[in-house]
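Heads up: the structure comes next, in structure tokens.
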Amino acid sequence: MSDDLMQKIVSLCKRRGFVFQSSEIYGGLKSAYDYGPLGAELKRNLMTEWWTDMVHRRENVVGLDASIIMHPRVWEASGHLAGFSDPLVDCKVCKERFRADNAPRAEEGADATLRFPDKGAAKAALTQLTEQLGVTAERRGKEIVGLKAGAAGYVCPNCGSPFLSDERQFNLMFKSAIGATDPLGEVAAAIEAGKLEGLGGRELRTALEELTRPSAVYLRPETAQAMFVQFANVQQALALKVPFGIAQMGKSFRNEITVEHFIFRSCEFEQMEMEFFCEPGTDEEWADYWMNERMSWWRRYANAPDKFRFRAHEDAELAHYARGCSDIEFAYPWGWGELEGIANRTDYDLKKHAEASGSKLEYFDPVKQTKYTPFVIEPAAGATRGVLVYLIDAYHEEEVEGAKGKTETRVVLKLHPRLAPYKVAVLPLVKKEGMPEKARAVVDAFLQKGIAARYDEQHAIGRRYRRHDEIGTPYCLTIDGQTNEDDTITIRDRDTMEQRRISIDGAVAEVQKLLA
RNA sequence: GCGGGAAUAACUCAGUUGGUAGAGUGCAAGCUUCCCAAGCUUGAUGUCGCGGGUUCGAGUCCCGUUUCCCGCUCCA
């Protein structure tokens with residue numbers, strides 16, 4: 001059922017021009033998606049709503065639009081360069097993949113006991129050990145005993161097996177090279193000069209890294225760091241007093257181990273983040289404040305507000321820099337999943353960057369005459385996730401009575417009017433008696449005001465209504481026979497399908513009122 | 001990356017033991033039509049994901065590969 005819903009949404013997205021697979025005619029590129037005309041509007045509307053709410057409506061929050069490529073030392077200081085290259089290992093017995101540094105320790109030669117959920121699984125594992133790995137061991141119920149831990153120094157956290165793949169580095173940051181010359185030229189020159197001769201494994205890797213390091217740059221894996229790095233500039237330029245926030249929207253890039261669920265997790269994605277700098281000791285209060293602000297923002301545009309919830313991170317899953325973190329989760333078709341994280345990042349980031357750069361990233365409180373490193377509350381939302389969330393929230397199938405009295409299924413995207421790609425569709429009831437001309441004039445009036453409007457005369461009126469239901473157009477304006485008599489048109493509500501008459505001259509003002 | 005499934009028209013899908021690529025929907029043109037995918041006429045659209053192989057002949061069989069979906073894992 002849930003897969004079904006996602007498939008319908010994916011299909012609608014393509015058919016109606018919300019989201020296309022990237023580079024589709026070349027076979028597609030993994031996890032890359034393009035936002036079509038309607039998707040571009042939806043995403044833009046969503047992000048504009050965020051910016052308006054977070055920046056324009058608040059005196060103490062300002063914006064930033066930083067470059068995606070920053071100095072590589074930013075990522076060293078932030079911990080991303082190390083943290084995003086954690087060695088991962090696969091278990092050869094149960095196929096579990098895990099982080100080597102989180103695995104249960106087991107010194108070489110220590111007893112290793114494999115545990116399985118039931119006897120059947122243990123039997124199967126024993127057979128596998130014997131046949132594929134050539135190992136003899138003994139099974140006792142759900143366990144396999146008589147094995148020793150290997151040189152790795154740890155065992156599989158899932159089944160306890162010491163049969164593991166080599167550690168593999170996953171570079172989760174997109175690496176690129178800045179400069180007009182290809183760093184491979186340096187490598188080629190070094191090879192020709194024999195400088196790499198005799199090197200292997202880790203040594204060779206290190207040597208190659210050193211050769212390419214001068215030109216190595218990374219695409220940002222989050223927008224947050226620029227706001228820490230520019231903290232002092234922003235604070236001084238605008239003479240901001242703590243507490244204040246810096247907000248930023250934009251693309252981020254991560255080589256995710258797995259991408260999934262359409263645009264839910266992709267390597268290139270868009271974020272809406274704000275770093276709120278506050279006095280130490282007031283941080284928990286501000287964390288509560290922003291949690292409530294952000295939750296009410298998400299719910300404001302939703303049909304089903306109860307599909308959003310908080311989930312506090314347990315201590316074990318907290319990032320090393322965070323004192324606390326609460327996710328705003330949404331009930332996706334596949335289950336609850338993250339949409340936004342509100343983290344208390346303490347003074348970790350500012351201190352790290354101060355230390356690494358040698359710059360003072362402190363705040364002097366002119367009233368209290370004290371100097372301190374502010375604490376940071378970070379509401380970090382996924383903009384592209386937001387698009388998916390509202391598409392899922394908006395997608396409805398309804399049984400309605402058709403023209404001939406039989407029940408039909410109506411597909412309607414109940415997008416919030418401010419998020420909807422088109423605000424109005426203007427339809428001549430029939431293509432004659434001057435109706436198309438009048439409809440065109442109405443469309444022009446909307447476009448002059450910068451309101452996304454669409455003229456549509458194709459096919460029967462009912463079909464046009466349904467077509468706009470499917471892309472979420474909240475209002476359809478129809479020019480009919482009566483328009484010629486009294487200069488009124490009908491306005492149809494997408495969700496109720498009810499119509500009422502309004503004056504043709506007041507149409508723009510009427511819709512503006514509805515959108516406000 | 002590992003394991004499982006899938007890919008045929010814009011969408012949803014059929015396609016027999018290998019023998020000239022189909023339907024519905026949608027789309028386009030026109031007629032009709034004064035309000036909820038109505039009716040009629042006409043029309044266009046296929047590198048059958050891509051690349052090899054087997055074969056007289058491959059949408060169909062084999063191999064590789066790409067992409068998508070479902071689990072493991074990671075995050076916004």
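What you see is a predicted model, and the numbers here were worked out from it, not measured in a lab.
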Quick check: any donor-acceptor pair below 3.5 Å linking the side-chain of A:Arg492 to the base of B:C36?
yes
Using atom P in both nucleotides, what's the gap between B:G26 and B:U41 to the nearest angstrom?
15 Å
Taking B:C50 as the reference, what is the distance to B:G3 when you measure between their C1' atoms (whole Å, please)?
24 Å
With A:Glu470 as reference, evaluate A:Arg16, A:Arg494, A:Arg463, A:Arg464 under the salt bridge (Lys or Arg N to Asp or Glu O under 4.0 Å) test and give the passing residue.
A:Arg16
Paired to B:U67 by Watson-Crick or G-U wobble criteria (both distances under 3.5 Å) is B:A6
Once you apply the 3.5 Å cut-off to both distances, tell me the Watson-Crick or G-U wobble partner of B:C27, or none.
B:G43
We want to know whether A:Ser78 and A:Gln225 form a side-chain donor-acceptor pair, criterion being a heavy-atom distance below 3.5 angstrom.
no
Determine the interatomic distance between C1' on B:G4 and the same-named atom on B:U8; round to the nearest Å.
23 Å
NA contact type, A:Glu260, heavy-atom cut-off 4.0 Å: base, sugar-phosphate, or nothing?
base
In whole angstrom, what separates A:Glu24's CD from B:A10's C1'?
10 Å
Identify whether any heavy atom of A:Arg265 sits under 4.0 Å from a base atom; if not, whether one sits that close to sugar-phosphate; answer base, sugar-phosphate or nothing.
base
Quote, to the nearest angstrom, the C1' distance that separates B:U25 from B:A38.
15 Å
Over 60° means perpendicular and under 30° means parallel, so classify the ring planes of A:Phe276 and A:Trp286, tilted if in between.
tilted
With the threshold set at 4.0 Å, does a side-chain nitrogen-carboxylate oxygen contact exist between A:Arg410 and A:Asp469?
yes
Pick the C1' atom in B:C11 and in B:U20, then give their distance to the nearest Å.
27 Å
Contact list please: residues 460-474 of chain A against RNA chain B, heavy atoms, distance less than 4.0 Å, in numerical order.
A:Ala460, A:Ile461, A:Gly462, A:Arg463, A:Tyr465, A:Arg466, A:Arg467, A:Glu470
Should B:C72 form a Watson-Crick or G-U wobble pair with both distances under 3.5 Å, which nucleotide is its partner?
B:G1
Does the cation-pi check pass for A:Arg311 over A:Trp336, that is, NZ or CZ under 6.0 Å from the six-membered ring centre and within 45° of its axis?
no
Give the rounded distance in Å between these two atoms: CH2 of A:Trp298 and C1' of B:A76.
9 Å
B:G22 and B:A44, which share atom name P, separated by this distance in whole Å:
14 Å
Describe the nucleic acid contact of A:Ile25 in one word from base, sugar-phosphate, nothing, applying a heavy-atom distance below 4.0 Å.
base
Within the pair A:Lys14 and B:C11, is there a side-chain N or O less than 4.0 Å away from OP1 or OP2?
yes
Under 4.0 Å between any heavy atoms, over every strand shown, what does A:Ser11 touch: base, sugar-phosphate, or nothing? Just pick one.
sugar-phosphate
Quick one, A:Glu340 and A:Phe330 - any side-chain contact, counting heavy atoms below 4.5 Å?
no
Re B:C48: Watson-Crick or G-U wobble partner, both distances kept under 3.5 Å, found to be none
Pairwise P distance for B:G18 and B:C70, with rounding to whole Å
34 Å
With a 4.0 Å cut-off on heavy atoms, is A:Met435 in touch with a base, just the backbone sugar-phosphate, or nothing at all?
base
Nucleotide forming a Watson-Crick or wobble pair with B:C34, both distances under 3.5 Å:
none
With C1' as the reference atom in both, quote the distance from B:A7 to B:C56 in angstrom, rounded to an integer.
29 Å
Mutual orientation of the aromatic rings belonging to A:Phe262 and A:Tyr33 [parallel < 30°, tilted 30-60°, perpendicular > 60°]
perpendicular
Tell me whether the side-chain N/O atoms of A:His261 come closer than 4.0 Å to OP1 or OP2 in B:C68.
no
Remember a base hit wins even if backbone is also touched, and classify A:Gln458 as base, sugar-phosphate or nothing at under 4.0 Å, heavy atoms.
sugar-phosphate
Which is true for A:Thr490 with a 4.0 Å heavy-atom rule: it touches a base, it touches only sugar-phosphate, or it touches nothing?
base
For the side chain of A:Arg410 and the base of B:C36, is some donor closer than 3.5 Å to an acceptor across the two?
no
Answer yes or no: does a side-chain N or O of A:Gln7 lie under 4.0 Å from OP1 or OP2 of B:C69?
no
Under a 4.0 Å N-O cut-off, is there an ion pair linking A:Lys414 with A:Asp393?
no
Assign A:Gln499 to base, sugar-phosphate, or nothing according to its heavy-atom contacts below 4.0 angstrom with the strands shown.
base
What nucleic acid atoms does A:Lys432 come within less than 4.0 Å of, heavy atoms only: base, sugar-phosphate, or nothing?
sugar-phosphate
Taking the six-membered ring for Trp, are A:Trp334 and A:Phe264 ring centroids under 6.0 Å apart?
yes
Distance in angstrom units between A:Glu457 CD and B:A29 P, rounded
9 Å
Base, sugar-phosphate, or nothing for A:Leu339, non-hydrogen atoms under 4.0 angstrom?
sugar-phosphate
Salt bridge or not for A:Arg300 and A:Glu49, using N-O below 4.0 Å?
no
Under 4.0 angstrom, heavy atoms only, what part of the nucleic acid is A:Gly481 near: base, sugar-phosphate, or nothing?
base
B:U16 -> Watson-Crick or G-U wobble partner, both distances under 3.5 Å, gives none
Could you tell me the separation between the CG atom of A:Asp327 and the P atom of B:C74, rounded to a whole number of Å?
13 Å
Under 4.0 angstrom, heavy atoms only, what part of the nucleic acid is A:Tyr26 near: base, sugar-phosphate, or nothing?
nothing
State whether A:Glu222 and A:Arg345 are salt-bridged, where the test is any N-O pair (Lys NZ or Arg NE/NH1/NH2 against Asp/Glu carboxylate O) under 4.0 Å.
yes
Base of B:C68 paired with side chain of A:Gln21 (donor-acceptor, under 3.5 Å):
no
How is A:Ser266 classified with respect to the nucleic acid when contacts are heavy atoms under 4.0 Å: base, sugar-phosphate, or nothing?
base
Presence of A:His459 side-chain N/O under 4.0 Å of B:C27 phosphate oxygens OP1/OP2
yes
Could you tell me the separation between the NZ atom of A:Lys431 and the P atom of B:C34, rounded to a whole number of Å?
14 Å
